[in-house]
2 protein chains.
Amino acid sequence: MSRIPKPTVRRLAIYYRCLERLEQQGEDSISSKALAQMVHIKDSQVRKDLSYFGSFGRRGIGYDIRRLLGEIQKILGIHKRWNVIIIGAGNIGQAIARFKQIEKHNFQIVGVFDTDHRKIGKQITPGLVISDMSSLEEFIRQNQAEIAVIATPAEAAQSVADRLEKSGIKGIICFAPITLNCNIPVEYVDITVFFKTLVHSVVSQNYNI
Amino acid sequence: MSRIPKPTVRRLAIYYRCLERLEQQGEDSISSKALAQMVHIKDSQVRKDLSYFGSFGRRGIGYDIRRLLGEIQKILGIHKRWNVIIIGAGNIGQAIARFKQIEKHNFQIVGVFDTDHRKIGKQITPGLVISDMSSLEEFIRQNQAEIAVIATPAEAAQSVADRLEKSGIKGIICFAPITLNCNIPVEYVDITVFFKTLVHSVVSQNYNI
DNA sequence: AATCTTTTGTGAAAAAGTGAACTAAGGGGG
DNA sequence: CCCCCTTAGTTCACTTTTTCACAAAAGATT
């Protein structure tokens with residue numbers, strides 16, 4: 001399929017947030033050089049990343065910010081709204097459910113699930129109540145949920161992933177510290193891994209500016 | 001300094017969590033092949049990663065799990081306890097402050113700061129109360145905090161980072177959606193970026209099994 | 001209209017990272 | 001003791017990603 005480097009996709013999401021800020025500040029256009037400086041990379045990297053998808057700039061001028069925002073939206077697939085469910089209403093699950101930025105970026109949290117009967121029925125935000133896991137499959141179908149966040153303990157994660165995949169979920173964000181066996185895309189976010197890689201940089205001083 | 005690929009360091013942290021689980025299950029040793037299968041990579045990758053740091057296995061046998069846990073601890077720098085402060089007691093800041101896994105991995109949350117006077121004094125966990133930002137520098141010195149988590153809005157992040165760096169903080173985990181200008185190691189965790197890269201995989205179907 | 005400056009898009013080179021294959025150990029069984 | 005099977009450590013080839021360098025545009029200036 002498309003031969004796009006994974007780092008390129010991550011950077012597109014980062015360019016996107018820069019462009020949003022610039023637009024908000026009333027800027028109209030930006031050069032690859034200026035954008036590169038904002039994120040501490042080379043300008044040639046910015047141009048190469050964008051060139052995988054087309055020619056969005058004007059030579060001598062730079063990139064139109066509105067236009068580029070629209071193009072990156074289409075590339076990433078964030079021009080449409082995605083319905084998201086969260087499995088596990090612990091610390092992280094609830095934080096994600098309440099996290100306003102996610103909704104702003106076109107991801108709508110439509111459901112939160114847990115197995116703990118003391119939590120079920122509890123309201124997390126107006127209109128968002130913790131449901132029982134037994135209703136998971138039906139809920140996914142009825143609400144056309146496409147993305148799921150796994151915020152369960154590691155032991156539960158694989159069986160949850162199996163159920164999600166079977167129910168037609170198309171992608172998973174996994175906060176559980178485990179590598180899943182499944183055939184849909186997964187993004188892993190293990191917070192403790194960031195702490196550990198950070199202190200490695202600290203002790204070895206090999207941080208790259 | 002040491003020329004260790006960044007992906008290698010990340011994988012070490014992932015091997016570490018596998019080894020912890022294996023140890024808990026009573027296992028004594030594991031081969032590179034078995035470890036590789038757990039995290040869906042090639043066995044040669046596991047051996048290569050470890051070989052940057054020494055020879056920890058026995059040919060014909062595999063790796064002693066206890067031994068390897070200890071070696072990776074030393075490599076990553078997680079054999080000692082790190083004092084952590086959190087700047088920003090919003091959604092994410094509070095979730096991190098309450099996140100038990102971090103404490104289990106030798107990162108102790110010693111302080112939480114915010115500028116909102118309505119939040120100051122509020123107890124997050126037993127013994128952890130939200131402090132005013134004005135006491136930041138003094139607190140860092142008195143409590144020998146070395147790691148900071150920035151969980152503020154993007155607009156505040158850079159000036160916070162400046163204060164942290166000046167006060168002797170050695171590494172930053174940045175949840176704010178911005179690239180910081182500073183001369184200490186930073187790990188960026190922008191949750192919305194994970195959502196965006198995930199849906200790119202979903203729409204382009206370019207997930208790697 | 002010619003020239004200058006800026007900046008994009010891109011092919012080629014360099015660097016980084018991964019994977020296959022080989023060599024060297026280590027233990028078990030006949 | 002010899003053969004066989006397993007598996008770590010290492011080398012080298014290959015793949016991926018980044019960087020360089022330059023031609024092509026585009027507007028500004030004289």
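Every heavy atom of this structure was used, including side-chain atoms; hydrogens, water molecules and symmetry mates were not.
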Validation row: [X], [Y] side chains within 4.5 angstrom (heavy atoms):
{"X": "B/Gln73", "Y": "B/Leu69", "value": "no"}
{"X": "A/Asn106", "Y": "A/Lys80", "value": "no"}
{"X": "A/Asp28", "Y": "A/Ile65", "value": "no"}

Step through it carefully: locate the ring centre of B/Phe194, locate the ring centre of A/Tyr188, and say whether they are under 6.0 Å apart.
no
Check each of B/Val110, B/Ile109, B/Ile86 against B/Leu128 using the side chain to side chain contact (heavy atoms under 4.5 Å, CB included) test, and report the only one that passes.
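Per the side chain to side chain contact (heavy atoms under 4.5 Å, CB included) rule, the option paired with B/Leu128 is B/Ile109, out of B/Val110, B/Ile109, B/Ile86.
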Surrounding CD of A/Gln25 (heavy atoms of other residues, nucleotides or ligands, distance under 6.0 Å), is the total greater than 12?
yes
Heavy-atom donor-acceptor pair, [X] side chain to [Y] backbone, under 3.5 Å:
{"X": "A/Asp132", "Y": "A/Ser135", "result": "no"}
{"X": "B/Ser204", "Y": "B/His200", "result": "yes"}
{"X": "B/His105", "Y": "B/Gln101", "result": "yes"}
{"X": "B/Asp114", "Y": "B/Ala89", "result": "yes"}

Scoring nucleotides 19-24 of chain C by protein non-hydrogen atoms under 4.0 Å (B base, S sugar-phosphate only, - none) yields BBB-BB
Pairs satisfying ring-ring contact (aromatic ring centres under 6.0 Å, His included), at least one member in residues 53-73 of chain B, at least two apart:
none
Note: chain B reaches DNA chain D at heavy-atom distances under 4.0 Å over the stretch, first to last nt, 5' to 3', of D/dT6 to D/dC12
Contacting residues from residues 51-58 of chain A, given that a heavy atom lies under 4.0 angstrom of DNA chain C
A/Ser51, A/Ser55, A/Phe56, A/Gly57, A/Arg58
Which atom pairs, donor and acceptor, lie under 3.5 Å between side-chain atoms of residues 163-170 of chain A and protein residues at least two apart or in another chain?
| from | atom 1 | to | atom 2 | distance (Å) |
| --- | --- | --- | --- | --- |
| A/Arg163 | NE | A/Glu137 | OE2 | 2.8 |
| A/Arg163 | NH2 | A/Met133 | O | 2.7 |
| A/Arg163 | NH2 | A/Glu137 | OE1 | 3.0 |
| A/Glu165 | OE1 | A/Asn183 | N | 3.4 |
| A/Glu165 | OE2 | A/Asn183 | N | 3.2 |
| A/Ser167 | OG | A/Arg163 | O | 2.7 |
| A/Lys170 | NZ | A/Glu146 | OE2 | 2.7 |

Take A/Pro7 and B/Lys33, find for each the nucleotide of DNA chain D with the closest heavy atom, and name the residue whose nucleotide sits nearer the 5' end.
B/Lys33
Please list residues of residues 20-28 of chain B whose heavy atoms come under 4.0 Å from any atom in DNA chain D, ordered by number; otherwise none.
none
